[in-house]
Amino acid sequence: MRKITVLPSPIAIVSSSAVGGKEEGEGPLGGGFDLIDPSDSFGQSTWELSEAEMGRVALNIALRKCECSHEDVDVIVAGDLQNQCVASALALDSFGIPLIGVYGACSTCTESILLASALLSMGSNQTAAALTTSHNLAAERQFRAPTEYGGQRPPSAQWTATAAGAFILSKADKLVTNGNKSYPYVPAVKDFMIGRLIDGAIKDGANMGAAMSFAAVDSILAYFEASEYSPKDFDLIVTGDLGSVGSSILKDVLFEKLPLAVPKLTDCGLVLYDMKRKDVHSGASGCGTSASVLASHILPMMRKGELSDVLFLSTGALMSQSSLLQGNSIRGIAPAIHLSAIKNDNYEVK
Amino acid sequence: MTMTNILLAFLAGGAIASTVQIFIDKTNLTPARLLVFLVSFGVFLYAVGAYEPLFEIFGCGVSVPLIGFGATIARGVKEAIDSTGALGILTGGLTAGAAGITLSLMIGLGFSLAGHGKRRNIPKIRR
Amino acid sequence: MDIYTKQGKKRIISEHSPHSRLGLNMLKAFLFGGGICAFGEGLRGLFLSLGIKSDTSTLLVSMIIIVVAATVTFLGVFDNIARHAGAGTLVPISGFSNAVTSQAIDARSEGYVLGVGAKIFTICGPVILYGLASGVIYGIIYYLTGLFGW
């Protein structure tokens with residue numbers, strides 16, 4: 001039996017920000033983004049630096065929203081898609097915040113929020129930040145082909161999002177209050193379950209959603225087996241970037257094993273872009289997808305009280321170019337966090 | 001040179017491209033592997049004596065696809081062996097392919113001095 | 001539904017993965033691939049009519065296609081065409097040229113020696129290597145058959 005970690009007291013996400021590129025700004029959630037750079041470059045000379053700068057900007061915005069300075073943040077948990085998490089390293093040196101770098105491929109967002117809330121529960125730390133970035137062109141260069149290479153993407157391929165999500169977390173009973181007066185609710189992490197490695201069975205880097213879907217199945221089934229909750233207690237069960245292929249596998253399997261969960265399912269990879277107008281094939285991918293959808297769409301709805309309980313699972317496809325060339329199949333992982341909207345005692349009706 | 005030649009080149013080039021497209025869509029072979037296969041296939045075609053007659057009929061329809069590059073290498077090897085003996089095995093290929101390879105590399109180098117890759121849009125779906 | 005074995009997962013994945021529109025893709029590849037070759041043949045006719053030798057004309061055609069493809073790559077248009085053309089732009093020498101130029105301009109940020117210098121060969125290197133290797137094998141066979149008068 002897998003275990004759910006219930007936090008001694010909920011850890012609030014007191015502020016969040018989403019920053020993205022042109023395509024993300026033009027998508028259905030574009031209005032929820034705090035900053036869009038239509039050039040995707042964020043004023044930098046390389047795409048790798050652009051990703052770092054995007055993360056830096058996102059963290060600054062999130063800090064400003066809760067009227068905190070970087071000195072108030074005790075620890076930051078950050079990750080991205082670049083080798084050795086170098087985008088986070090390049091983004092964060094100027095802040096001087098103690099850093100834990102994480103790599104969970106596209107599951108990084110959930111993983112970093114999970115770790116940050118666990119750290120806050122342990123005692124002396126009061127405030128933590130979580131930061132996740134991915135950049136389409138930096139990822140393309142690293143994982144696939146040069147940006148101008150003329151290749152054809154199969155219909156199962158996904159489009160790596162140029163997006164960053166930053167989150168400031170704090171113990172719910174010691175809210176960094178200032179920025180939080182304007183919303184009736186504060187989203188908070190109540191409990192979480194760490195993901196298990198599940199073999200995705202395939203070696204096709206252009207079908208990651210399918211490879212990750214089994215990890216999502218595993219985590220969702222395990223979560224509801226181990227917890228007192230039923231899918232009925234949740235407004236949404238949000239997966240990270242399964243895309244249309246992975247989502248349809250997840251739906252089909254859950255229809256057989258946990259039918260109650262099926263109507264609650266939604267996938268960040270399916271909502272970031274307007275899939276009727278843009279040819280993204282199977283949907284969005286990259287760790288920025290779930291981070292930016294959470295920050296630009298899900299958390300704002302929770303703050304207004306439109307959603308009360310959300311099970312959030314970013315799904316990660318763990319692989320490298322050389323492991324694929326050496327014939328290893330993709331491993332999937334899907335950590336889950338239970339977000340719950342708690343009443344904001346500092347709310348001031350205007 | 002007539003319209004017939006152009007039509008024949010069109011048909012041959014199209015046939016080769018759409019055959020390779022089947023491999024792209026139906027197998028896991030990457031474009032790089034397909035290019036390697038095509039160039040080696042060109043050498044093979046020349047070696048068995050099939051390339052020259054095909055070229056007589058289809059012209060650029062077989063010389064412009066990468067098969068033609070393979071055939072050029074093979075012919076270079078053959079001619080070098082005919083004129084210089086065993087050493088031609090080593091010198092013929094690169095000598096014959098030199099124009100294409102060097103030109104490509106020099107242009108690539110030149111353009112890399114001039115600028116870098118651009119951002120990409122997600123293509124729109126046309127209805 | 002078997003989600004616990006490799007075979008079961010593979011079966012589920014293949015049931016859910018969309019298929020490429022093979023017919024349409026083949027048609028586009030045919031039109032683009034054929035078009036490039038027909039353009040080349042037209043040029044070759046022009047060169048021949050100008051009295052240029054047959055071998056040189058064929059070579060010139062390939063060189064012009066290399067230059068055009070590299071330029072279109074540099075302008076950021078090649079990938080947009082290739083998205084439709086697929087094998088139609090890959091199979092003619094344009095695919096080779098695109099592979100070289102796209103790598104070169106992409107690796108520029110990593111410097112000119114181990115960036116551009118090394119990575120320019122990432123995709124074209126295998127083509128050159130195995131083209132030459134096939135040529136050497138053919139050369140050995142050709143030489144030996146000539147030597148022994150087979």
Side-chain angles (χ1 to χ4, degrees), chain A residues 44-50 137-138 140-142 144-157 198-204 206-218 221 242-257 279 281-282 321 329-330 332, chain C residues 1-22 25 28-29 32 69-70 72-90 94-110 115-116 119-120 122-123:
Chain A
Q44 303 298 309
S45 57
T46 68
W47 301 121
E48 288 73 11
L49 280 176
S50 307
L137 293 144
E140 207 64 26
R141 289 197 60 215
Q142 177 175 312
R144 288 178 273 272
T147 54
E148 300 296 343
Y149 181 67
Q152 237 172 0
R153 299 157 66 238
S156 60
I198 300 292
D199 188 355
I202 50 168
K203 298 169 220 165
D204 183 1
N207 201 357
M208 289 187 298
M212 294 186 290
S213 61
F214 300 105
V217 169
D218 179 72
L221 291 179
L242 295 182
S244 52
V245 182
S247 293
S248 95
I249 294 177
L250 177 64
K251 273 202 182 110
D252 260 27
V253 177
L254 285 187
F255 194 76
E256 197 181 286
K257 310 215 180 255
D279 190 15
H281 298 233
S282 182
Q321 224 177 16
S329 58
I330 300 170
Chain C
M1 219 176 288
D2 175 19
I3 55 165
Y4 301 109
T5 66
K6 218 165 181 142
Q7 288 74 21
K9 288 178 194 172
K10 277 187 176 157
R11 194 165 55 241
I12 295 172
I13 291 173
S14 72
E15 279 165 13
H16 283 83
S17 298
H19 294 290
S20 305
R21 287 186 288 181
L22 184 61
N25 285 352
K28 285 184 190 168
F32 278 96
V72 173
T73 301
F74 177 70
L75 295 175
V77 183
F78 192 99
D79 54 336
N80 297 331
I81 301 171
R83 189 151 47 220
H84 296 288
T89 46
L90 175 77
S94 50
F96 180 83
S97 175
N98 164 252
V100 172
T101 302
S102 63
Q103 280 287 0
I105 58 180
D106 200 65
R108 172 184 141 106
S109 62
E110 294 168 21
V116 176
K119 292 194 173 165
I120 202 168
T122 307
I123 304 173

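In what follows, every chain begins at residue 1, and chains take the letters A, B, ... in the order their sequences are listed.
D279(A) has its side chain out of reach of R83(C): every pair of non-hydrogen atoms, C-beta onward, lies at least 4.5 Å apart. Between I13(C) and F214(A) there is a side-chain heavy-atom pair separated by less than 4.5 Å. Within the 4.5 Å cutoff, the side chain of R141(A) has heavy atoms near those of the E110(C) side chain.
For chain A, the option among K6(C), R21(C), K10(C) with the highest count of heavy-atom pairs below 4.5 Å is K6(C). Ranking A210(A), P146(A), S213(A) against chain C, the residue ahead of the rest is P146(A), based on heavy-atom pairs under 4.5 Å. Of all the listed residues (P18(C), G95(C), A107(C)), the one sharing the greatest number of non-hydrogen pairs under 4.5 Å with chain A is P18(C).
To the nearest 0.5 Å, atoms CG (D199(A)) and OH (Y4(C)) are separated by 14.5 Å. Rounding to the nearest 0.5 Å gives a distance of 8.0 Å between OG1 of T89(C) and CD of Q152(A).
Every residue meeting the side-chain hydrogen bond (donor to acceptor under 3.5 Å, both in side chains) condition with S282(A), not counting sequence neighbours, appears here in chain and number order: S244(A).
For the residue pair K9(C) and A201(A), the shortest heavy atom distance occurs at CB-CB, 3.6 Å. In this structure, D79(C) and Y149(A) approach most closely via the heavy-atom pair CB-O, 3.6 Å. Looking at every heavy atom in both residues, G150(A) comes nearest to A82(C) through CA-CB, 3.5 Å. Closest of all the heavy-atom pairs between E148(A) and N98(C) is O-ND2, 3.1 Å.
Of the atoms belonging to N25(C), it is side-chain heavy atoms, and not backbone ones, that fall under 4.5 Å from chain A. With a 4.5 angstrom heavy-atom cutoff, S17(C) touches chain A via backbone and side-chain atoms both. Both the backbone and the side chain of T147(A) come within contact range of chain C, each with at least one heavy atom under 4.5 Å from a heavy atom of that chain. Of the two parts of I123(C), only the side chain, counted from C-beta on, holds a non-hydrogen atom closer than 4.5 Å to a non-hydrogen atom of chain A.
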Under 3.5 Å, side-chain donor or acceptor atoms of residues 247-254 of chain A against the rest of the protein: list the pairs with distances, not counting sequence neighbours.
from: S247(A); atom 1: OG; to: G243(A); atom 2: O; distance (Å): 2.7
from: S248(A); atom 1: OG; to: V245(A); atom 2: O; distance (Å): 3.4
from: D252(A); atom 1: OD2; to: H16(C); atom 2: NE2; distance (Å): 3.0

